[in-house]
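Comments concern the structure below.
Numbered from 1 within each chain, the chains take letters A, B, ... in sequence-line order. Just so you know, these numbers use all the heavy atoms, side chains as well, and skip hydrogens, waters and symmetry mates. Nothing here was measured: the structure is a model prediction, and the numbers come from that model.
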Amino acid sequence: MKITVDEEKCCGAGQCVLIAPAVFDQRDDDGIVILLDAEPGEDQHAAVRETAAVCPAGAIVLDE
Amino acid sequence: MTLAYPIPNDTALEPPAEWAKLRGECPVAHVQLPSGDQATLLTRYEDVKQVLADPRLSRLLNAPDAARLSDTDDGGLFSSEMAAIIPDGGEEHQRWRRLVGKWFTAKRMSALRPQMARIAEQLIDEMVERGRPADLKASLGFPLPVYVICDMLGVPAADRERFSYWSDTLLNLTKYEKSEIDAAQAEFFQYMSDHLAAKRAEPGDDLLSELIAAGGPEDGGLTELQVLVTGMALLVAGHETTANMIGKMVAMLLADRTRWERLLADPSLIRTAVEESLRFDANSGFGLPRYLPEETEVGGTVLPKGTTVICSMAAANRDEGAFDAADRLDLTRSPNPHLAFGSGAHSCLGQALARTELQVVLEVLLRKLPTLVLAVPVEELERLDGLAVGGLLKLPVRW
Ligand code: HEM
Ligand code: SF4
């Protein structure tokens, strides 16, 4: 699994961090997504798929 | 005949029968608003999502040909001069959003959890002391979000009765006369200006002090008026929405007590249960209006320039085309891409806060009052009327 995030689209809703805090964070100065791990291990895949499905800005794209 | 909107509904928690019919047969429907003006109602998931996320459409209904929602709605929430002070779209909106959004990150909200849990515990203790039955909405649902947002903004929670009145006049579409709304807005405006003057003289470590400290537009910050309106908007937004949602969530979970029992047995379902309550909420209020400054195609229909569209997120959240067994409340549903917080660049800025508050309230209630039950039959729960944000009048409970 390879993750890309679109900082321009991101609206800082924080869904990704609430669901998969090991993979995503938000910048302190504007709340925009930070990708901590672009190729996370198996154990994170279910959570990451959920973040991509619910991100309100459609800013998380998965390549599997 | 044109359908009257909002669609009347006698039940507090069930959707009106019209939704399924509209989604199936007339997903782009003509409706008549309380003002008598015409609008176009959207009820399908894909259509609602598309329109909410479309950056070309405006949230403001101040164009001369935009529909008025109600008779008094010339100073109301969606058309007031004040609403126009927060940028409506594009880069200016994004800049505003990022300046304010840093206060609402998931990490910051998680850091507030222990404090929220303490407030919830104390409010529940006080409710228990007063004895049963109790109104959970007045005892817990309402005060909790107010304490939290007051703390973030650095305004005294002691003034919460006034905030409640001011938000109610802004959010209620039918209850007040125009003169009452204008007077309340003027008072609210004055209150916030005095508060900001005090913060300028003596800054604290709250959101408003820091927005002031960020400087004016020339330093990448906001104008004084923008800071003021942002403060008012956050106080209102952080108020009725979450407060009412706490009541509705607990009502839905107790309406079929097996749901409550399942959560008692497995509290790890709290997160998905909160999302499912947000999706399942059939009483979420008016929906979101959008004004079409240009011709736009929605669900195969071309809507002319100047159309006012009403997006019913609650009807969209029950769309079988988007959710399996959409009319079943499934505590484990995942993923749950519901539209309760909107979609796209304008989707709710406070959603991490709202989610955290809802999760904390549920966690503390399950822990402290496992025997909680409704004190009246579900059929007797009453809706709050006229509010842009839906809710229950009361939530009578026993334990
Ligand atoms: C359960 C509780 C809540 C619900 C259901 C809710 C719902 C919504 C929705 C649907 C929108 C989208 C408006 C649009 O697209 O035009 C929105 C926007 C917004 N919400 Fe919430 N909200 C809740 C709680 C909160 C809280 C606690 C705050 C913060 C104090 C907040 C602050 C805002 C702000 C500032 C916006 C405007 C965002 C923008 O224009 O970029 N909301 N909310
Ligand atoms: S969920 Fe999407 S919009 Fe929200 S912070 Fe993460 S990437 Fe950004």
Is atom CG of B:Asp205 surrounded by more than 12 heavy atoms (other residues, nucleotides or ligands) closer than 6.0 Å?
no
Taking all atoms of both residues into account, what is the closest heavy-atom pair of B:Ala106 and A:Gly14, and its distance?
CB-O, 3.7 Å
Could you tell me whether the side chain of B:Lys102 reaches within less than 4.5 Å of the side chain of A:Asp28, counting heavy atoms only?
no
Which heavy-atom pair separates B:Pro335 from A:Val54 by the least distance, and what is that distance?
CB-CG1, 4.1 Å
Tell me if a side-chain donor or acceptor on B:Arg97 pairs with a main-chain N or O of A:Cys11 at a distance below 3.5 Å.
yes
Looking at B:Arg108, is its backbone amide N or carbonyl O close enough to the side chain of A:Gln26 to form a donor-acceptor pair, meaning the two atoms are under 3.5 Å apart?
no
Would you mind checking if A:Glu50 and B:Arg271 are paired as a salt bridge, meaning a charged N to carboxylate O distance below 4.0 Å?
yes
Pairs of heavy atoms under 4.5 Å with chain A: top-ranked of B:His346, B:Gln94, B:Arg355, B:His338
B:Arg355
Go through A:Ala53, A:Gly12, A:Ala57 and name the one with the most non-hydrogen pairs under 4.5 angstrom from chain B.
A:Ala53
Is it the backbone or the side chain of A:Cys10 that comes under 4.5 Å from a heavy atom of chain B, or both, or neither?
backbone
Answer yes or no: are there more than 12 heavy-atom neighbours, outside B:Glu297 itself, under 6.0 Å from its atom CD?
yes
Need one label for A:Gln15: side chain, backbone, both or neither, based on atoms under 4.5 Å from any heavy atom in chain B.
side chain
Okay, A:Leu18 and chain B: the region with an atom under 4.5 Å from a heavy atom over there is both
Check whether A:Asp29 gets within reach of chain B through its side chain, its backbone, both or neither, counting any heavy atom under 4.5 Å.
backbone
Quick check on B:Ala53 against chain A: is it the side chain, the backbone, both or neither that has a heavy atom closer than 4.5 Å?
neither
Nearest heavy-atom neighbours spanning A:Gly31 and B:Thr105
CA-CG2, 3.6 Å
Check whether more than 12 heavy atoms from other residues, nucleotides or ligands sit under 6.0 Å from atom CG of B:Asp219, and answer yes or no.
yes
Say you draw a straight line from CD of B:Glu275 to CD1 of A:Ile19; how long is it, rounded to the nearest 0.5 Å?
7.0 Å
